[in-house]
Amino acid sequence: MTDRDQRRERILALIEPYNKKGVEVTDATRFAQDLEWDSLTVLDFVAAIEDEFDIIITMNQQAEIETVGQLIDAVGALEAKK
Amino acid sequence: MSDLFDKFQPLIDQREALLSSGVTDPFNLVMEKVESPTVAICNGRRTILLGTYNYMGMTFDPDVVEAGQQALADYGSGTTGSRVLNGTYAGHKACEEALRDFYAMDHAMVFSTGYQANLGIISTIAGKDDYIILDIDSHASIYDGCALGNAQIVPFRHNDVEALEKRLKRLPPEAGKLVVLEGVYSMLGDIAPLKEMVAVSKAAGAMVLVDEAHSMGFIGEHGRGVAEEQGVIDDIDFIIGTFSKSVGTVGGFCVSNHPKFEILRLVCRPYVFTASLPPSVVATAATSIRKLMHGSNKRAHLWENSKRLHGGLRQLGFTLGTEEPQSAIIAVIMPDLEKGAAMWEALLNEGVYVNLARPPATPAGMTLLRCSLCAEHSSEQVEEILGKFERAGRASGCLDTH
């Protein structure tokens, strides 16, 4: 299992409690359109990701992240910078 | 060709659906005559005003009105210029002096609105590699200040000290950091745990800006706000406020003890590139601010009003935004927008004006009837308001009818 795969598994586990509609999550799944998250859900989810990986994802960076795949890569980049 | 207005269609539909139910448009009320800080004629009916931010009731204060009339006669209707060009009159300096005295701080800078004060200060002091850490429930002017600047923005859950501290600890130690908080949050009328938040911010080497728009004149021994009340005002780097609430006119300001503060007058775009306030406005503001310094009796009566309305509404069975009254704002939580609009209209028919707040301005998608009390509301008016809430609640189905 690659580092990215491991990271992906951890992120998918964190998405699960917020996946109220039971959408099948792939790298192409979009947070706003497919998972239909509102701003408060996004805040809680981002906090969960930040705590899990001990990173900060600023609102500026969040604006660039639309899909699960983009998030996995962004978290990887932020971890590498630590 | 695409119509640029297409993105507003969901809101247009929601508004049309609401109005087609026959309800009075809650966002299009006209005050036909204003009799006092607490009473106006709306739709031909005497209406108790419970939705203004006239907390200290200064809009009809004889000294305030006279100062404005004199300035209008002496200096004309407007300055027609920026503060850094031809727009600084003696009245602007006097107004800034009144603010320095009120807050006991070294510097004061007056903006044309409170919105512009946040827009200007936040966007100017936090640059590209700096971080702004802010409460998720911050006012639109704070978010817009962030959007106008280039800093990295980090939000945290409302009033959560631990969430703030955790984020501060993860930021690069050498980076510039500005923590932005509010004393009173205007939607639910709740206050921030500033004592704890300022402590964790300072420990992380951050500067702290507190918007005290809804507390000025009312909260704290000298009316300096929640930071004064909680004993941390000396650790606050910047206080932002407005003249459109307790001061009773329009305008905004920032006060600070920062030794280099005055340079902001040259680099802050929402200060430089706009016309300064009319002389009559700064004259009313300066007079009002100086009178607020001696407003302890008014402050005590406003607290009485807040406690009575909060307790009375709870007794009637309404769900409120805070467990205890924390400010002059009491938010009544409505089940949904339709019920909220019906209740709002029923109250107007009873002769009470409150503000209807709806998503996205509200936290967690709530619909709220926001009551803002005034020091000039008499105890009898508060009882009258409670009676009207009871009748309107039953008429609109927000309270049980039996």
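Letters go in sequence order (proteins before strands), and every chain restarts at 1.
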Between the CD1 atom in B:Ile136 and the CE atom in A:Met59, the distance rounded to the nearest 0.5 Å is 6.0 Å
B:Phe5, CZ atom: more than 12 neighbouring heavy atoms under 6.0 Å: no
For atom NZ of B:Lys202, decide whether the heavy atoms of other residues, nucleotides or ligands shown that lie under 6.0 angstrom number more than 12. yes
Of all of B:Pro360, B:Ala163, B:Pro155, which one pairs up most often with chain A through heavy atoms under 4.5 Å apart? B:Pro155
So how far is it from A:Ile57 CD1 to B:Arg167 CZ, rounded to the nearest 0.5 Å? 10.0 Å
For the CD atom on B:Glu174, are there more than 12 heavy atoms of other groups (residues, nucleotides or ligands in this structure) within a distance under 6.0 Å? yes
Separation of B:Gln152 CD from A:Asn60 CG (nearest 0.5 Å): 4.0 Å
From A:Asp54 CG over to B:Lys166 NZ, what is the distance, rounded to the nearest 0.5 angstrom? 10.0 Å
Here the gap from B:Ile133 atom CD1 to A:Thr58 atom OG1, rounded to the nearest 0.5 Å, amounts to 11.0 Å
A:Arg4 CZ: over 12 foreign heavy atoms closer than 6.0 Å: yes
Pairs flagged by salt bridge (Lys or Arg N to Asp or Glu O under 4.0 Å) wherever residues 5-21 of chain A is involved - sequence neighbours left out: A:Arg7-A:Glu79, A:Arg8-A:Asp27, A:Arg10-A:Glu52, A:Lys21-A:Glu36
Going by residue number, which parts of residues 39-51 of chain A are within reach of chain B, meaning a heavy-atom gap below 4.5 Å? A:Leu40, A:Leu43, A:Asp44, A:Ala47, A:Glu50, A:Asp51
Taking atom CD of A:Glu24 as the centre, does the number of heavy atoms from other residues, nucleotides or ligands within less than 6.0 Å exceed 12? no
